[in-house]
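No hydrogens, no waters, no symmetry mates; every other heavy atom, side chains included, goes into these values. Start at 1 with the first residue, then count along the sequence.
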Amino acid sequence: MVKPKKHLGQHFLKDDNIARKIAKQLTGHGNYRQVIEIGAGTGVLSRFLLELPYTVYLLDIDRESIAYLQEHYPGLHAQGRILFDDFLTMDLSPFIQEPVAIAGNFPYNISSQIFFKVLQHRRHIPEVVCMIQKEVAERLAAPPGNKSYGILSVLLQRFYKIEYCFTVPPHVFLPPPKVQSAVIRMQAADTLQPLRCDEKLYFTIVKAAFNQRRKTLRNALKAFLPAGKSHDFLSRRAEQLSPADFEALCLWLQQQIS
């Protein structure tokens, strides 16, 4: 039996009904035919993902988990579909020649980093179904004006429709986490338009705005503002702006600089 390792943030799902329910959240949105499961662990979710009509890759950074998966899924092992790697550093180029979905019970200590990597490859990842800490799930799905609304809320909602699917209690994990969990589904918008402003500027402005979220944008973004110029949004705080508002603000900044 694989022992959960605290330094890897492992909490193994042990409830088949929850695992089946998570797998059912995958819809095929974006016409993908392959799925990467992050943190396959002991294969509880993997078993139900493998019943779906996709080519599924099981990914884990834990050697003990990889050995367990290789033993229990020898066919997948022979096909090279059990991957000993770290999603945060792995080369995704072999998988994004065509659309790929991401699924899994994300380690809670690196879930934000996983989402930032998804954003980097968003043109090739049309759907994400994952279990994360409930507080983080609420933050990602929060609308503007909500106290939970933050950097990842803005960045992910600009490119994905985010749905809070259901809550998962601690007792279905081994060991039980000290927090509640939740499953979310992210789907790239079919009619999503590219950013009208510079992408690097957009990410920079959103992060800078929320790093001083109690201040008005005029003060939080002081280092980026041209002297003597003003915009209606600058009297607001970061949490009051939608993703589209931030885009409009960045476009205005670009026009002032050029």
Side-chain angles (χ1 to χ4, degrees), residues 1-5 8-111 113-132 160 165 172-174 183-188:
M1 185 64 185
V2 181
K3 293 182 179 179
K5 297 167 186 64
L8 294 178
Q10 290 175 327
H11 295 276
F12 293 144
L13 184 63
K14 61 179 183 178
D15 188 304
D16 283 352
N17 290 327
I18 296 292
R20 184 183 294 109
K21 192 174 178 182
I22 294 171
K24 284 182 176 178
Q25 304 308 312
L26 286 165
T27 67
H29 174 83
N31 298 317
Y32 58 85
R33 293 178 294 180
Q34 50 181 355
V35 177
I36 298 174
E37 182 192 356
I38 297 176
T42 57
V44 174
L45 174 58
S46 312
R47 181 152 55 91
F48 297 101
L49 293 176
L50 290 165
E51 292 177 356
L52 301 174
Y54 311 119
T55 300
V56 180
Y57 295 88
L58 310 185
L59 174 69
D60 211 293
I61 197 173
D62 178 23
R63 288 184 183 276
E64 196 176 8
S65 292
I66 290 295
Y68 180 93
L69 293 168
Q70 290 173 342
E71 179 184 349
H72 287 79
Y73 298 98
L76 288 186
H77 180 38
Q79 296 171 29
R81 288 163 55 192
I82 297 177
L83 310 173
F84 174 50
D85 213 332
D86 180 351
F87 181 77
L88 297 181
T89 57
M90 71 183 287
D91 179 12
L92 289 181
S93 56
F95 304 97
I96 57 176
Q97 303 304 313
E98 58 181 89
V100 59
I102 302 296
N105 173 17
F106 291 178
Y108 295 170
N109 57 337
I110 61 166
S111 62
Q113 294 166 268
I114 292 173
F115 289 123
F116 278 115
K117 182 151 185 178
V118 166
L119 279 169
Q120 290 173 15
H121 298 281
R122 61 186 181 272
R123 293 173 183 84
H124 309 284
I125 302 176
E127 187 164 61
V128 178
V129 170
C130 61
M131 182 153 53
I132 54 178
Y160 289 93
C165 300
V172 302
F173 297 93
L174 180 70
V183 173
I184 63 167
R185 176 170 52 223
M186 296 168 32
Q187 294 182 329

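- The only member of His29, Gln25, Gln187, Arg185 that meets side chain to side chain donor-acceptor pair (under 3.5 Å) when paired with Glu127 is Gln187.
- Lys24 contributes atom NZ, which lies 9.5 Å from atom CZ of Phe48 (distance to the nearest 0.5 angstrom).
- At a threshold of 4.5 Å between non-hydrogen side-chain atoms, the residues Asp16 and Arg47 count as touching.
- Using a 4.5 Å heavy-atom cutoff, the side chains of Met131 and Leu45 are not in contact.
- Closest non-hydrogen pair, Ser65 versus Phe12, comes out as OG-CZ, 4.1 Å.
- Going from atom CG of Asp86 over to atom CD1 of Ile61 covers 3.5 Å, rounded to the nearest 0.5 Å.
- To the nearest 0.5 angstrom, Phe116 atom CZ is 10.5 Å from Ser111 atom OG.
- Looking at every heavy atom in both residues, Lys14 comes nearest to Phe173 through CE-O, 3.8 Å.
- Note: Ile114 CD1 to Phe106 CZ = 5.0 Å, rounded to the nearest 0.5 Å.
- A distance of 4.5 Å separates CZ of Phe87 from CD1 of Ile102, quoted to the nearest 0.5 Å.
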Starting from the C-alpha separation in whole Å, work towards a yes-or-no answer on side-chain contact (heavy atoms from CB on, under 4.5 Å) for His121 and Phe95.
CA-CA 11 Å; His121 298 281; Phe95 304 97; over 6 Å; no

Passes side-chain contact (heavy atoms from CB on, under 4.5 Å), Lys117 versus Met90? Steps please.
CA-CA 10 Å; Lys117 182 151 185 178; Met90 71 183 287; 4.2 Å; yes

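- When every heavy atom of Asp60 is checked against every heavy atom of Ala40, the shortest pair comes out as OD2-N, 3.3 Å.
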For the pair Val56 and Arg81, evaluate side-chain contact (heavy atoms from CB on, under 4.5 Å) and give the outcome as yes or no after the intermediate values.
CA-CA 7 Å; Val56 180; Arg81 288 163 55 192; 4.3 Å; yes

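- Looking at every heavy atom in both residues, Ile22 comes nearest to Val129 through O-CG1, 3.7 Å.
- The neighbour count for Arg33 CZ, taken as heavy atoms of other residues, nucleotides or ligands under 6.0 Å away, does not exceed 12.
- Across all non-hydrogen atoms, the minimal contact from Val35 to Ala103 is CG1-CB, 4.0 Å.
- Closest non-hydrogen pair, Tyr73 versus Leu50, comes out as CE2-CD1, 3.6 Å.
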Quick one: do Val100 and Tyr57 satisfy side-chain contact (heavy atoms from CB on, under 4.5 Å)? Show the steps, please.
CA-CA 10 Å; Val100 59; Tyr57 295 88; over 6 Å; no

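- Rounding to the nearest 0.5 Å gives a distance of 5.0 Å between OH of Tyr32 and OG1 of Thr27.
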